[in-house]
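Reminder, nothing fancy here: chain letters follow the sequence lines and each chain counts from 1.
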Amino acid sequence: MDAVLAWYHEAARNLPWRQADRTPWGVLVSEIMLQQTPVVRVLPRWQDWMRRWPEPADLAAAPVAEVLRAWDRLGYPRRALRLHACAQAIVERFEGQVPSAPEELRSLPGIGEYTAAAVGAFAFGERTVVADTNIRRLLARAVSGRQQPAPSFTAAERALVASCVPHDRARSVRWNQATMELGALVCTSRTPHCDACPLAAHGCAYLAAGLPDQPEAKRRVQPFEGTDRQMRGMIMARLRADGAADRALLDALDTADPARVERCLTTLVADGLAVERDGLISLP
DNA sequence: GATGCGTGGCT
DNA sequence: TAGCCAAGCAT
């Protein structure tokens, strides 16, 4: 896999959370923001966020409403709540310092298997198995000859990824970073750019098989138009803009199905993304 | 293990 | 054009 490391040296994007002056907190914030969200959309939000809350203690002390406004349109605003709770837990349990041990990272709100491994590797230089969607897809193709990884992340696949990570600590960090980047930029989901891939000449099983289309392997995309998810987003956008809104105003968001608005308000309040007081809905 | 959870750009 | 897709997590 030397070819991938050499490729990364030449082609890596110059992202702020990869700079020499990066902090564990900055890396953690970037990883949360990047969950299911493209880099180009994260960049400006991350810059603002780090300027405002440069340490976990700064975010921990911020009002939730302000945190949700700063999250802006990144999507999945529950991530913002969890990041806020994560900062508070770091202050309370780790003296304000992001922990480096994967099991301690895993214990924090919003940090799952992937994010714990990524922070361990990219913030602390630990040897971890970073199995994100890019690495999974790249190995599914290069090693297993399949178009896409399986929908569920099985123990067998975890073992496969682990077997590919170099044993040397510093080298493992670069391999994780480089393989993820190659998946994100070259071995893309829809249209892989094999002409620009360093593995094309080093035995990619999927390319060798002739890039067969395997539609059965594709995961089904959840619908969005007309769903509660869309309505929740519309309500949150209104609350971010106006601070608060009365029920009648929100009901106008879907005159054909007022029950949909009510249902979404209930789940937003249950999620801690909104509060209701005297018929007025507002950010927490 | 299957679902629900935002948003916007790309093909 | 209408899907398809983007560094997942929690339940």
Are the charged groups of A:Arg171 and A:Asp2 less than 4.0 angstrom apart, N to O?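 Answer for the salt bridge query: yes.
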Base, sugar-phosphate, or nothing for [X], non-hydrogen atoms under 4.0 angstrom?
X	result
A:Trp17	base
A:Leu83	nothing
A:Thr115	sugar-phosphate
A:Gln222	base
A:Arg18	base

Taking side chain to side chain donor-acceptor pair (under 3.5 Å) as the test, write out the residues that go with A:Gln214, two or more places apart.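 A:Gln214 satisfies side chain to side chain donor-acceptor pair (under 3.5 Å) with no residue once adjacent residues are dropped.
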| said: A:Asn134: which residues meet the side chain to side chain donor-acceptor pair (under 3.5 Å) condition with it, sequence neighbours left out? | reply: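 Side chain to side chain donor-acceptor pair (under 3.5 Å) list for A:Asn134, sorted by chain: A:Asp132, A:Arg137.
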If you draw a 6.0 Å radius around CD in A:Glu216, do more than 12 non-hydrogen atoms from other residues or ligands fall strictly inside?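 Yes - once you tally the heavy atoms of other residues, nucleotides and ligands closer than 6.0 Å, there are more than 12.
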> Atom CD of A:Glu225 and atom C1' of B:dC5: how far apart are they, to the nearest Å?
Replying inline: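 Value for this atom pair: 16 Å.
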Start at the 5' end of DNA chain C and walk down; is the nucleotide closest to A:Lys218 or to A:Ala116 reached first?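 Closest to the 5' end, via its nearest nucleotide, is A:Lys218.
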Practice task
Considering only atom C1', compute the distance from B:dG8 to C:dA10 and round it to an integer number of Å.
Solution key: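 Looking at atom C1' only, B:dG8 and C:dA10 are 24 Å apart.
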query = Using atom P of each nucleotide, how far apart are B:dT3 and C:dA7 to the nearest Å?
reply =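 Each nucleotide's P atom is 23 Å from the other's.
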- request: Would you name the heavy atoms of A:Leu74 and A:Thr37 that are closest together and state the gap between them?
  value: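 Here A:Leu74 and A:Thr37 meet closest at O-OG1, 3.7 Å.
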ask   = Which nucleotide span of DNA chain C, 5' end to 3' end, has atoms closer than 4.0 Å to non-hydrogen atoms of chain A?
value =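 The contact span of chain A on DNA chain C goes from C:dG3 to C:dA10.
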>> I'd like to know if the side chain of A:Arg146 and the backbone of A:Gln148 have a donor-acceptor N/O pair within less than 3.5 Å.
In response: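 Such a contact is found between A:Arg146 side chain and A:Gln148 backbone.
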Check: residues 56-67 of chain A side-chain donor-acceptor pairs under 3.5 Å, at least two apart:
unit_1: A:Asp58; atom_1: OD2; unit_2: A:Glu55; atom_2: N; d: 2.9
unit_1: A:Glu66; atom_1: OE2; unit_2: A:Arg52; atom_2: NH2; d: 2.7

(Q) Tell me which pairs pass salt bridge (Lys or Arg N to Asp or Glu O under 4.0 Å) where either residue lies in residues 148-162 of chain A, with sequence neighbours left out. (A)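 For residues 148-162 of chain A, and leaving out neighbouring residues, the salt bridge (Lys or Arg N to Asp or Glu O under 4.0 Å) pairs sorted by first residue read A:Glu113-A:Arg158, A:Arg136-A:Glu157.
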Each nucleotide of nucleotides 6-11 of chain B classed B (base within 4.0 Å of a protein heavy atom), S (only sugar-phosphate) or -, in 5' to 3' order, makes BBB---
Q. Can the ring centroids of A:Trp49 and A:Trp71 be said to lie less than 6.0 angstrom from one another?
A.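 When the ring centroids of A:Trp49 and A:Trp71 are compared, they turn out to be within the sub-6.0 Å range.
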